[in-house]
Number of protein chains: 2
Amino acid sequence: MIISTKGRYGLRAMFELAKAYGQDPLSIKQIAAMQNLSEQYLEQIFSKLKGAGLVRSTRGAGGGYTLAETPGGISVGQVLTALEGELVPADCVGDDAAGCAKAGLCTTHIIWQRIYDGFTGVVNAITLQDMVDDFHRLIADRPQAKNVKC
Amino acid sequence: MIISTKGRYGLRAMFELAKAYGQDPLSIKQIAAMQNLSEQYLEQIFSKLKGAGLVRSTRGAGGGYTLAETPGGISVGQVLTALEGELVPADCVGDDAAGCAKAGLCTTHIIWQRIYDGFTGVVNAITLQDMVDDFHRLIADRPQAKNVKC
DNA sequence: AATATATCATAGTAATTTTGTCAAGATTAT
DNA sequence: ATAATCTTGACAAAATTACTATGATATATT
């Protein structure tokens, strides 16, 4: 599995926030109940999402989390990277690699770079707004889909 | 890191086999020496590659491994899948999922499927022949690149 | 036949990562 | 005040990763 539970749970949580965009904050407790997850584990996940600047928190009664930007301004790739670290196939590519010394002299480097570019291209092209749009199309077609998640 | 050492070492080993295609088999010992890896670990890797039908083995003195097909007939995706298992972002997609029961009713499923299709599209499109071609272009330009690997 | 060279199969193991749990504190709305 | 909520850090079981070790089996060469 390329994506761990942190990334998978986190993306679903961000999807809930995207659906609630413009409304009151959603609390950890609410999201945990929606998705049947432990509150403590979700807290860790939101701590990372906040560190990456993808969500804003409101403390105190009635508080919770909201998206830091519009759903269209946050990509699936940003969410996954915040939770999983850079989605690199090998550590000679990606921003953290800061340019492998052997780049330009190594054949496998070319391949890892190509895979990295392809993968990030895919995940960065999908935004939370796309997910919300998918969702609306889905329940327009089949209303019973509203509460199904896998 | 999306790809573990098994996949990374294994792809480099298959690259050596692709460069030696049409010649005598390469032994584990030779490949291990080329890449400075443990022979036992490489054996495990080749056991999986053989199980997937990607290499043929010849036992006994002078034996070793050869590609089971032409370099153009083996994709990077096949190699990585043989060594890492299916490259799925979540277990509701991929061949092993055999169609998640909630497919068509679940929004995140759509996303995982899209990511899976994108990723496999990239890795299946690159063949070992492409790597060999890259290599030849590289050393034509910069001969000192011949023995550089990262 | 003997020997050297290989693959093949299985088991063990230390280190790391994943997947959480638990508890104490800080902040804010009401 | 107080109840709700975020924040932080420590802890730990389970799984995975990344090997190591051993012995067996098959084949070419002498």
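Below, each value reflects all heavy atoms present in this structure, side chains not excepted, and no hydrogens, waters or symmetry copies. Here is the naming used below: chain letters follow the sequence lines, and residue numbers restart at 1 for every chain.
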- Message: Using side-chain heavy atoms (C-beta onward) and a distance below 4.5 Å, is A/Gln144 in contact with B/Leu105?
- Response: yes

- Message: Using whole Å, what does the distance between atom C1' of nucleotide D/dA18 and atom CD of B/Glu84 come to?
- Response: 12 Å

Could you run down the sub-3.5 Å N/O contacts of the protein with nucleotides 14-16 of chain D?
none

- Task: Sequence neighbours left out, what pairs pass ring pair (Phe, Tyr, Trp, His ring centres under 6.0 Å) with at least one residue falling in residues 45-92 of chain B?
- Result: B/Phe46-B/Tyr65

- Close side-chain approach of A/Leu83 and A/Leu49, heavy atoms under 4.5 Å: yes

- Item | Sub-4.5 Å side-chain heavy-atom contact between A/Met1 and A/Arg8 | yes

- For DNA chain C, what residues of residues 37-54 of chain B have any heavy atom nearer than 4.0 Å? B/Glu43, B/Gln44, B/Lys50

- Task: Among residues two or more places apart or on two chains, list those pairs meeting salt bridge (charged side-chain N to carboxylate O under 4.0 Å, His left out) that have a residue in residues 123-139 of chain B.
- Result: A/Arg114-B/Asp134, B/Asp134-B/Arg137

- Query: What salt bridge (charged side-chain N to carboxylate O under 4.0 Å, His left out) pairs are there with at least one residue in residues 62-83 of chain B, not counting sequence neighbours?
  - Reply: none

- Task: Return the value, rounded to whole Å, for the distance between atom CE of B/Met1 and atom P of C/dT18.
- Result: 11 Å

- Return each pair, listed once, that meets salt bridge (charged side-chain N to carboxylate O under 4.0 Å, His left out) where at least one residue sits in residues 18-42 of chain B; pairs must be two or more places apart or across chains. B/Glu16-B/Lys19

- Query: Is B/His109 close to B/Cys100 at the side-chain level, that is, under 4.5 Å between some pair of heavy atoms?
  - Reply: yes

- Message: Quick test of your reading: applying ring pair (Phe, Tyr, Trp, His ring centres under 6.0 Å), list the pairs with at least one residue in residues 124-150 of chain A, sequence neighbours left out, ordered by first then second residue.
- Response: A/Phe15-A/Phe135

- Query: Can you name the side-chain contact (heavy atoms from CB on, under 4.5 Å) partners of A/Gln44, sequence neighbours left out?
  - Reply: A/Lys6, A/Tyr41

- Task: Sequence neighbours left out, what passes ring pair (Phe, Tyr, Trp, His ring centres under 6.0 Å) with A/Tyr116? Give chain and number order.
- Result: none

Could you pull out every donor-acceptor pair under 3.5 Å between side chains of residues 74-81 of chain A and any protein atom, sequence neighbours left out?
unit_1	atom_1	unit_2	atom_2	d
A/Ser75	OG	A/Gly77	N	3.4
A/Ser75	OG	A/Gln78	N	3.0
A/Gln78	OE1	A/Ser75	N	2.9
A/Thr81	OG1	A/Gly77	O	2.8

- Query: Are any of the side-chain heavy atoms of A/Phe119 and A/Val88 separated by less than 4.5 Å?
  - Reply: no

- Query: When every nucleotide of nucleotides 25-30 of chain D is labelled 5' to 3' by its protein contacts under 4.0 Å (heavy atoms), B for base, S for sugar-phosphate only, - for none, what sequence of letters results?
  - Reply: BBBS--

- Atom CG of A/Asn36 to atom P of C/dG20: distance rounded to whole Å? 11 Å

- Item | Residues in contact with DNA chain C, drawn from residues 3-29 of chain B - heavy-atom cutoff 4.0 Å | B/Ser27, B/Ile28

